[in-house]
Amino acid sequence: MNKTHNLHKSLEKINKERFNKDLLSWYRSEQRDLPWRQNQDPYRIWVSEIMLQQTKVDTVIPYFKRFIESFPTVYDLAAAPEDKVLKAWEGLGYYSRARNLQSAVKEVVETYNGKVPDTPEQIANLKGVGPYTAGAILSIAYNKPEPAVDGNVMRVFSRILSIWDDIAKPSTRKIFEEAVRKLISEENPSHFNQALMELGAMVCTPKSPSCLLCPVQSHCQAFAEGVQDELPVKSKKKPPKPVPMAVGVLKTMENEVLIHKRPSTGLLANLWEFPNHETLSGGNAQDEQLQAFIEESYGVETEIEEHVKNFEHVFSHIKWKLAVYSGNVVKKASETEELRFVNIDQLEEFTFPVSHQKIIQLLKDGTI
DNA sequence: CACACGTGGGC
DNA sequence: TGCCCAAGTGT
């Protein structure tokens with residue numbers, strides 16, 4: 001009894017025509033009025049799908065509006081300086097999404113004459129466009145019957161079809177793609193995929209699903225068995241690893257602050273930061289380690305004056321345990337593309353991660 | 001495959 | 001408070 005066999009057995013119980021009618025009529029009457037649903041411009045759909053990755057709708061809305069105002073077309077985004085794009089993304093997180101999006105948009109302009117491609121092969125080859133986003137653009141913008149399997153779809157279908165595979169495992173997505181291919185409405189693939197996600201967001205929620213309001217309750221095998229609260233099966237991820245870190249807010253005689261641009265790969269790539277250094281134990285001599293690091297790496301001579309405060313910032317996989325120090329720049333270095341001395345008022349021209357926004361606030365309120 | 005990669009909100 | 005979650009992708 002393999003997974004495929006189980007899936008086929010569950011699919012046999014679904015009346016596709018009636019399921020689609022119930023799902024799509026619900027979507028037509030209950031769908032939210034969202035800014036990326038104003039039209040089917042593939043570029044707008046694309047931008048929204050990238051922003052919505054691992055990010056709540058309410059968080060995305062203001063970012064989407066501002067982003068489209070700043071970069072209304074693929075040509076505007078392709079031509080924009082990267083720092084402007086990152087600035088528009090500031091606070092959204094997963095910043096490589098923004099850089100990958102711009103990179104892919106440039107490819108669309110150069111290779112596809114500015115038209116977002118409409119074939120699975122071409123669109124899936126774009127940077128930052130994986131199996132989900134490819135299917136989302138193809139179905140929503142071009143109305144092609146392609147699966148767009150995200151967390152919502154896996155949750156909804158795990159319940160409807162009583163699928164007990166661990167949705168945290170990468171291989172499990174294929175099972176749901178197969179289910180979607182079997183059930184997707186040929187008349188309206190766009191609404192079908194969006195309706196599944198809308199249902200997952202509004203009704204078939206992770207905790208306390210509103211089964212009594214569900215338009216496809218009569219099709220749901222988990223509800224029939226009373227096991228909707230046990231699905232989907234999802235294994236837990238590792239807790240973030242603590243990383244002790246010393247950060248310096250170093251000022252020149254002219255009251256400028258030393259800032260540094262992070263490398264173009266890895267965590268918070270190409271964002272700006274106050275000079276910081278991972279410290280071995282988080283114990284003693286953090287200030288001396290930091291001071292030595294700044295001199296060796298940037299050629300800037302500093303003197304740390306005082307320990308301002310400690311705080312934590314939690315990422316997906318690590319937890320920075322930040323010790324903030326203030327001090328002075330004794331000897332400046334020449335400014336480069338990645339090393340600047342700026343006034344406090346100028347900081348907003350640069351893109352900082354949220355972890356450093358907390359430090360900027362200390363500067364602005366006079367704590368430092 | 002497992003892990004890197006952010007953030008804010010809910011309970 | 002701490003943990004889980006949210007329209008995933010790259011390596």
Side-chain angles (χ1 to χ4, degrees), chain A residues 31-32 34-37 44-64 86 89-101 103-104 123-137 139-141 147-156 166-174 176-177 180 190 192-202 204-209 232 234-243 262-271 273 312-320 351-358:
Chain A
Q31 64 169 286
R32 289 169 290 178
L34 301 172
W36 46 89
R37 288 179 176 164
R44 291 171 59 108
I45 304 296
W46 183 7
V47 170
S48 74
E49 291 301 340
I50 300 299
M51 285 188 171
L52 285 162
Q53 290 170 7
Q54 302 291 285
T55 310
K56 293 243 193 340
V57 165
D58 289 343
T59 301
V60 167
I61 289 173
Y63 280 91
F64 177 82
L86 284 175
W89 212 269
E90 186 175 46
L92 247 195
Y94 287 149
Y95 298 94
S96 66
R97 290 183 294 175
R99 296 183 302 111
N100 288 155
L101 174 61
S103 166
I123 199 141
N125 271 329
L126 265 15
K127 227 169 298 181
V129 177
Y132 163 75
T133 305
I137 296 172
S139 61
I140 299 172
V149 175
D150 70 337
N152 288 122
V153 174
M154 289 198 280
R155 182 173 58 258
V156 169
D166 182 358
I167 67 168
K169 300 262 191 258
S171 58
T172 304
R173 197 193 71 251
K174 297 187 187 68
F176 292 93
E177 286 176 344
V180 170
S190 168
F192 180 89
N193 281 339
Q194 291 186 81
L196 286 181
M197 294 188 275
E198 193 82 350
L199 191 67
M202 306 303 292
C204 194
T205 47
K207 282 166 289 188
S208 307
K234 189 178 185 182
S235 56
K236 297 188 204 310
K237 38 186 175 176
K238 291 194 324 186
K241 174 190 172 188
V243 175
R262 295 178 60 89
S264 59
T265 57
L267 182 66
L268 306 169
N270 285 359
L271 269 61
E273 64 184 0
E312 289 188 351
H313 185 82
V314 184
F315 298 92
S316 323
H317 57 304
I318 54 178
K319 181 195 293 187
W320 275 355
T351 305
F352 286 87
V354 169
S355 52
H356 287 244
Q357 303 287 354
K358 298 171 183 173

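We name chains A, B, ... by the order of the sequence lines, and we start the count at 1 in each one.
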Just call it for [X]: base, sugar-phosphate, or nothing, with non-hydrogen atoms closer than 4.0 Å on any strand.
X: A/Ser48; answer: nothing
X: A/Arg99; answer: nothing
X: A/Trp89; answer: nothing
X: A/Val57; answer: base
X: A/Arg262; answer: nothing

Between [atom2] on [N] and [atom1] on [X], what's the gap in Å once rounded to a whole number?
X: A/Asn100; N: B/dC5; atom1: CG; atom2: C1'; answer: 11 Å
X: A/Leu52; N: C/dT9; atom1: CG; atom2: C1'; answer: 15 Å
X: A/Lys241; N: B/dC5; atom1: NZ; atom2: P; answer: 12 Å
X: A/Lys238; N: C/dC3; atom1: NZ; atom2: C1'; answer: 17 Å

Q. A/Ser355: what forms a side chain to side chain donor-acceptor pair (under 3.5 Å) with it, not counting sequence neighbours?
A. none

(Q) I'd like to check the side chain to side chain donor-acceptor pair (under 3.5 Å) partners of A/Asp150; sequence neighbours left out, ordered by chain and number. (A) none

**Q.** Whole-angstrom distance between C/dT9 and B/dG8, as gauged at atom P
**A.** 22 Å

Q. Rounding to the closest angstrom, what is the interatomic distance between C/dC4 and B/dC3 at atom P?
A. 16 Å

**Q.** Heavy-atom pair of closest approach, residues A/Ala134 and A/Ile123
**A.** CB-CG2, 3.8 Å

Q | Minimum heavy-atom distance A/Leu86-A/Ala98, with the two atoms named | A | CD2-CB, 4.3 Å

**Q.** Where protein sits on nucleotides 6-11 of chain B, one letter per nucleotide: B base, S sugar-phosphate only, - none, heavy atoms under 4.0 Å
**A.** BBB---

Q: Report yes or no: does A/Arg32 contribute a side-chain atom to a donor-acceptor pair with the main-chain N or O of A/Glu198 at less than 3.5 Å?
A: no

(Q) Using a 3.5 Å distance criterion without hydrogens, assess whether the side chain of A/Arg97 forms a donor-acceptor pair with backbone atoms of A/Leu92. (A) yes

Q) If you check every side-chain atom of A/Asp150, which of C/dG8, B/dA2, B/dC3 has the closest atom? A) C/dG8

Q | Atom pair CG/OG1 of A/Leu271 and A/Thr351 - distance to nearest 0.5 Å | A | 5.5 Å

Q. Taking for each residue the nucleotide of DNA chain C bearing the nearest heavy atom, is the 5' side occupied by A/Leu34 or by A/Leu126?
A. A/Leu34

Q) Within the pair A/Lys127 and C/dG10, is there a side-chain N or O less than 4.0 Å away from OP1 or OP2? A) no

